K.L.:
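One structure follows; several queries about it will come next.
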Protein chains: 2
Amino acid sequence: MAHIEIREPTFYILSALATGPKHGYAIVKEVGEMSHDRITLRVGTLYSALERLTESNLVRIHGEEVVDGRLRRYYALTDTGAGALRDEATKLAAASRQAIARLGTWTPSPALRGAWA
Amino acid sequence: MAHIEIREPTFYILSALATGPKHGYAIVKEVGEMSHDRITLRVGTLYSALERLTESNLVRIHGEEVVDGRLRRYYALTDTGAGALRDEATKLAAASRQAIARLGTWTPSPALRGAWA
DNA sequence: TGATATATATCGGTCATCGTAGTATCTTCA
DNA sequence: TGAAGATACTACGATGACCGATATATATCA
């Protein structure tokens, strides 16, 4: 149950699961929709992340189902996982607000005279 | 000038520079203050990040100065760097808001009867 | 004199993610 | 009929940002 790092793809996986249990392929689709297709969750990233998240008790296997001859393995957020997602989101929001505030003081470099046609 | 990834420490470095040029050690101190000492920027991380950021034109060397017999090398955000920080902050804010909204539907698991004293 | 603060340099190791390939089933359509 | 594409999971080497530790040097303070 060691500490794991939550980067962008893992954050989106947790966020995808926040509205209810989903199987792997559904998570890929959900992340695509959530990000307006700006993020493509790679399957290699997904399944290794799910393994880590399960290992560290942020996510648990919720059950399996065979649909049309294909296996679906469902994953669900644990209470710990929901808490971790909330903490992470809060941290990101604070860092973001702070950066925008600091940028408020930003003065762009003056354009160079004659530097363009 | 290839694409570089901005994780938490690098985000804070850019944010530290958003209020004006700073030398390396000052960046370490600033990040400590900005994060209320929740983040310790490692010097190895700092200098390798500054090299990457300079390489990709998000940051530039602003000048050097010797104070009390010690070298200070100043770094400044470029216009490109300020734009990258703003973009990144905006992205984080959106992902964060979305996660919090999705968690709004979250229902904690019912406590098990008799699971505690 | 020895510890702490200031300031930068270097480098092996870790680990989340990328990128790609593989296996298998079902549907669609020419 | 058979090729293409969507669905669904597995596996693995490479990449790169960051960690953690060490090194060097000067100034300050107890």
Side-chain angles (χ1 to χ4, degrees), chain A residues 1-16 21-33 35 37-56 58-59 61-75 84 88 95, chain B residues 1-16 21-33 35 37-56 58-59 61-75 84 88 95:
Chain A
M1 270 242 306
H3 172 262
I4 70 159
E5 200 186 335
I6 299 176
R7 299 190 199 165
E8 197 177 40
T10 296
F11 184 87
Y12 272 97
I13 292 170
L14 293 176
S15 195
K22 283 173 189 61
H23 64 279
Y25 193 74
I27 295 174
V28 172
K29 293 298 167 194
E30 183 83 359
V31 169
E33 284 178 32
S35 70
D37 283 318
R38 279 182 293 96
I39 290 180
T40 300
L41 184 58
R42 313 284 167 175
V43 293
T45 301
L46 171 67
Y47 291 108
S48 64
L50 286 173
E51 200 179 319
R52 274 197 315 277
L53 291 168
T54 302
E55 177 70 22
S56 55
L58 300 187
V59 154
I61 294 177
H62 185 254
E64 297 185 346
E65 187 186 16
V66 174
V67 176
D68 290 335
R70 269 170 256 140
L71 177 67
R72 290 179 176 178
R73 182 169 299 129
Y74 286 81
Y75 293 88
E88 186 69 18
Chain B
M1 274 240 304
H3 173 262
I4 69 159
E5 200 185 335
I6 298 177
R7 299 191 201 164
E8 198 176 39
T10 296
F11 184 86
Y12 271 97
I13 291 170
L14 293 176
S15 196
K22 283 174 189 59
H23 63 281
Y25 192 74
I27 295 174
V28 172
K29 291 300 164 191
E30 183 83 359
V31 169
E33 285 177 32
S35 69
D37 283 317
R38 279 182 293 97
I39 290 181
T40 300
L41 183 58
R42 314 283 167 172
V43 295
T45 301
L46 171 68
Y47 291 109
S48 63
L50 285 173
E51 200 178 320
R52 275 196 316 276
L53 292 168
T54 302
E55 178 70 24
S56 55
L58 300 187
V59 153
I61 294 178
H62 186 254
E64 297 185 346
E65 187 186 15
V66 174
V67 175
D68 288 336
R70 267 168 268 161
L71 177 68
R72 290 179 176 178
R73 182 169 299 129
Y74 285 83
Y75 293 87
E88 187 69 17

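These figures come from a predicted structure and were not determined experimentally. Throughout, protein chains are lettered first and strands after them, A, B, ... in sequence-line order, and every chain is numbered starting at 1. All values below come from the heavy atoms of this structure, side chains included, with hydrogens, waters and symmetry mates left out.
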K.L.:
Are any non-hydrogen side-chain atoms of B/Thr54 and B/Tyr75 less than 4.5 angstrom apart?
P.N.:
yes

K.L.:
Got a donor-acceptor contact below 3.5 angstrom from the A/Ser15 side chain to the A/Phe11 backbone?
P.N.:
no

K.L.:
Let's see if you get this right: which residues in residues 61-73 of chain B place a heavy atom under 4.0 Å from DNA chain C?
P.N.:
B/Arg70, B/Leu71, B/Arg72, B/Arg73

K.L.:
Would you work out how much the helix from C/dT1-D/dA30 to C/dA30-D/dT1 bends between its ends, with each end axis defined by five base pairs, to 10 degrees?
P.N.:
10°

K.L.:
Separation of A/Lys22 atom NZ from D/dT7 atom P, in whole Å?
P.N.:
16 Å

K.L.:
Measuring from atom CZ of B/Arg7 to atom CD of B/Glu88, what distance do you get when rounded to the nearest 0.5 angstrom?
P.N.:
12.0 Å

K.L.:
Are side-chain heavy atoms of B/Thr45 and B/Thr10 found at a separation under 4.5 Å?
P.N.:
no

K.L.:
Between A/Lys29 and D/dA8, does any side-chain N or O lie under 4.0 Å from OP1 or OP2?
P.N.:
no

K.L.:
Please determine whether side-chain contact (heavy atoms from CB on, under 4.5 Å) holds for the pair B/Val31 and B/Leu46, giving the CA-CA distance in whole Å, both sets of side-chain angles, and the decisive distance to 0.1 Å.
P.N.:
CA-CA 11 Å; B/Val31 169; B/Leu46 171 68; over 6 Å; no

K.L.:
Given side chains that start at C-beta, do those of B/Val28 and B/Thr40 come closer than 4.5 Å, heavy atoms only?
P.N.:
no

K.L.:
Do A/Ile61 and A/Leu50 touch side chain to side chain, with heavy atoms closer than 4.5 Å?
P.N.:
no

K.L.:
Has B/Glu51 got more than 12 heavy atoms of other residues, nucleotides or ligands less than 6.0 Å from its CD?
P.N.:
no

K.L.:
Using a cut-off of 4.0 Å between protein heavy atoms and nucleotide atoms, how would you tag nucleotides 15-21 of chain D 5' to 3' with B, S and -?
P.N.:
--BSBBB

K.L.:
Taking atom C1' of D/dT26 as reference, at what distance in whole Å does atom NE2 of B/His23 sit?
P.N.:
14 Å

K.L.:
May I have the step-by-step check of side-chain hydrogen bond (donor to acceptor under 3.5 Å, both in side chains) for B/Tyr74 and B/Glu64, ending in yes or no?
P.N.:
CA-CA 6 Å; B/Tyr74 285 83; B/Glu64 297 185 346; over 6 Å; no

K.L.:
Just wondering, do B/Glu65 and B/His23 contact through their side chains at under 4.5 Å, heavy atoms?
P.N.:
no

K.L.:
Take the protein atom CD1 of A/Ile27 and the nucleotide atom C1' of D/dC9, then report the distance between them rounded to whole Å.
P.N.:
12 Å

K.L.:
Report yes if the side chains of A/Ile39 and A/Glu8 come closer than 4.5 Å at any heavy-atom pair, otherwise no.
P.N.:
yes

K.L.:
C/dA9 phosphate, OP1 or OP2: any side-chain N/O from B/Tyr47 under 4.0 angstrom?
P.N.:
no

K.L.:
Check the distance between C/dA24's P and A/Tyr25's OH and give it to me in whole angstrom.
P.N.:
19 Å

